[in-house]
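Here is the structure we will look at.
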2 protein chains.
Amino acid sequence: MFYTPVVPPRPQRTPSQDIVPEVLAAALDLIATEGPEGLTVRALARRAGVAPMSIYNHFDGKNGVLDAIIIDGFNILASESDTTLNDPRENLLAGSGAYRTFALEHRAHYTAMFLHQFVGYTPSPDTMYVAAKGFEILAGQVQQCQQAGLFADRLYPDVAQQLWAAVHGYVALEIFGINFASDRDKVFYDFVGSLLRGLDSPNA
Amino acid sequence: MFYTPVVPPRPQRTPSQDIVPEVLAAALDLIATEGPEGLTVRALARRAGVAPMSIYNHFDGKNGVLDAIIIDGFNILASESDTTLNDPRENLLAGSGAYRTFALEHRAHYTAMFLHQFVGYTPSPDTMYVAAKGFEILAGQVQQCQQAGLFADRLYPDVAQQLWAAVHGYVALEIFGINFASDRDKVFYDFVGSLLRGLDSPNA
DNA sequence: CCAACTATAGAACGATGTTCTACACTCCTG
DNA sequence: CAGGAGTGTAGAACATCGTTCTATAGTTGG
């Protein structure tokens, strides 16, 4: 009369050390496939094969997951866009291209970092620190250009801000689906190249 | 024994023709003061002094309110940035400045139009149409420049896209609070001017 | 003055983030 | 190898969200 199931119905518990990476992967997957609004605690736990409570035990709730994604994103962005070519101007062009590639290929990261304001989310101090470090990398590359004689009569943080604004604006409209350029890649490089050329001539 | 209140406790019903403008004003006020996440149907009705059901009787729910805000925003933007100076290049510069002024002064409009993705919102066909018209105004201004000899070896929709990306990027970072420029106004005009100068020289 | 219209209040439904509690599995220690 | 501490899980609970429905009451035109 006793009945023992032949197959354990499912691994009942997720080992502790697997939870964080699986939740992060599931969160990126959710944002990429369902959009930022698809990132809910219940859906996240379901896709990660984990109990909702684990989001609170291993992260600080949904905000903690967002902090983890954003910090991860800044680390990837820093490692991919901190190029070190000999020509500092080429270096800046290559960095801009790498920034755009990061945004397009890690759309979920970029969305969480710069495009979507998640309701109730405020970045943690750690997140703010990593973000500031990211801007410093860009500013450093511009400074190297200046030491090579470019952007002569401008402040390098201003040039960094202008370059960042341009690249972010182009990428944001691209991701929003409102880019009507004839050839997105070519128009992008022409865009950044033209801006650098214009910024290298004297301030009007 | 009968008691008649000397003052009617409050106007019980809002006259029909007042509801739409009051709801729109309350929605802009809510976004501006509480942020986009503060725009909830209940809070909106409360601030407008109106029943929640009115949002559904006079608009198509929350999405209808957003459509109304966005269409209103595009109309304001078109009327303010469609400048007609004699010099087409000056015209483009003035239009860019007007775009930025619109974004900064009508922050709630601009947020709904380009910065925040409201959960569950998809623009109505009418909204899409008005938005496309807005891009055509910009493209027309660029085309006038081209007829005057500027941006010679480039396609005018590409130049329009590049200019829009630049201005939107600058404004977006400004509104997000991550603009580190020494003087925001001056750096903006230097930004747009440099881009136009660079785009006027031959394509590399 | 009455009938058609419509703004209102309030309950209801499913879904959200979050917290709490009881339970069951794991794994280290004695 | 047994047992207890630690921890992942399930589920209920709370307030709030957008939305729908119903019944009521105020307004207005004929």
Side-chain angles (χ1 to χ4, degrees), chain A residues 4-5 7-24 26-27 30-31 34-69 112 116-124, chain B residues 4-5 7-24 26-27 30-31 34-69 112 116-124:
Chain A
T4 48
V7 172
R10 196 158 281 265
Q12 316 269 13
R13 282 179 64 158
T14 308
S16 309
Q17 72 271 16
D18 295 351
I19 287 189
V20 167
E22 285 186 10
V23 168
L24 282 184
L30 263 179
I31 295 176
E34 313 284 332
E37 66 197 75
L39 185 69
T40 70
V41 173
R42 289 174 176 84
L44 178 53
R46 205 180 313 127
R47 182 161 309 201
V50 141
M53 269 306 296
S54 294
I55 311 296
Y56 293 89
N57 292 333
H58 291 266
F59 300 86
D60 193 20
K62 184 176 174 179
N63 281 4
V65 175
L66 288 172
D67 278 322
I69 290 176
H116 192 83
Q117 294 174 295
F118 288 87
V119 302
Y121 173 70
T122 38
S124 71
Chain B
T4 47
V7 172
R10 195 156 281 267
Q12 315 270 13
R13 282 179 63 156
T14 309
S16 307
Q17 72 271 14
D18 294 351
I19 288 189
V20 166
E22 284 186 11
V23 168
L24 282 184
L30 263 178
I31 295 177
E34 310 285 332
E37 67 197 72
L39 184 68
T40 70
V41 173
R42 289 174 176 84
L44 178 54
R46 205 179 314 127
R47 182 162 308 203
V50 141
M53 270 304 296
S54 294
I55 311 297
Y56 293 88
N57 293 333
H58 291 265
F59 300 86
D60 193 20
K62 184 175 174 179
N63 282 3
V65 176
L66 289 172
D67 278 321
I69 290 176
H116 190 84
Q117 294 174 295
F118 288 87
V119 302
Y121 172 70
T122 40
S124 71

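From a predicted model like this one, the values you see are computed outputs, not experimental measurements. So that the names make sense, note that chain A is the first sequence line, chain B the second, and so on, each numbered from 1.
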To the nearest Å, how far apart are A/I55 CD1 and C/dT18 C1'?
-> 12 Å
Quick note, B/H58 side chain, CB onward, closest among C/dA7, D/dT9, D/dT19 is C/dA7
Could you give the NZ-to-C1' distance, from B/K62 to D/dT16, as a whole number of Å?
-> 12 Å
Quick one: B/R46 CZ to C/dA9 P, roughly how many Å, whole number?
-> 12 Å
Would you kindly give the CZ-to-C1' distance between B/R42 and D/dA15, to the nearest whole Å?
-> 10 Å
Find the distance A/E37:CD to C/dA15:P and express it as a whole number of Å.
-> 15 Å
The side chain of B/A51 lies closest to which of these nucleotides: D/dG18, C/dT8, D/dT9?
-> C/dT8
Check: A/V119 and B/V119 side chains under 4.5 Å, non-hydrogen atoms | no
Let me know the distance between CD of A/E34 and C1' of C/dA15, rounded to the nearest Å.
-> 15 Å
Do the side chain of B/E22 and the main chain of B/G49 share a donor and acceptor less than 3.5 angstrom apart?
-> no
Nucleotide of D/dG8, C/dT18, C/dA7 approaching B/N57 most closely (side-chain heavy atoms) | C/dA7
Between C/dA7, D/dC17, D/dT19, which one does the side chain of B/S54 approach most closely?
-> C/dA7
Are any of the side-chain heavy atoms of A/F59 and A/V41 separated by less than 4.5 Å?
-> no
Closest to the side chain of B/M53, out of D/dG11, C/dT18, C/dT8, is C/dT8
Can you tell if the side chain of B/Y121 reaches within under 4.5 Å of the side chain of B/D67, non-hydrogen atoms only?
-> yes
Under 4.0 Å between any heavy atoms, over every strand shown, what does B/L39 touch: base, sugar-phosphate, or nothing? Just pick one.
-> sugar-phosphate
Does OP1 or OP2 of C/dA7 have a side-chain N or O of B/T14 closer than 4.0 Å?
-> no
To the nearest angstrom, the CD1-C1' distance between B/I19 and C/dT6 comes to 9 Å
Does any N or O in the side chain of B/E37 come within less than 3.5 Å of the main-chain N or O of A/G120, such that one atom is a donor and the other an acceptor?
-> yes
Quickly work out the B/Y56 OH to D/dT22 P distance and round it to whole Å.
-> 16 Å
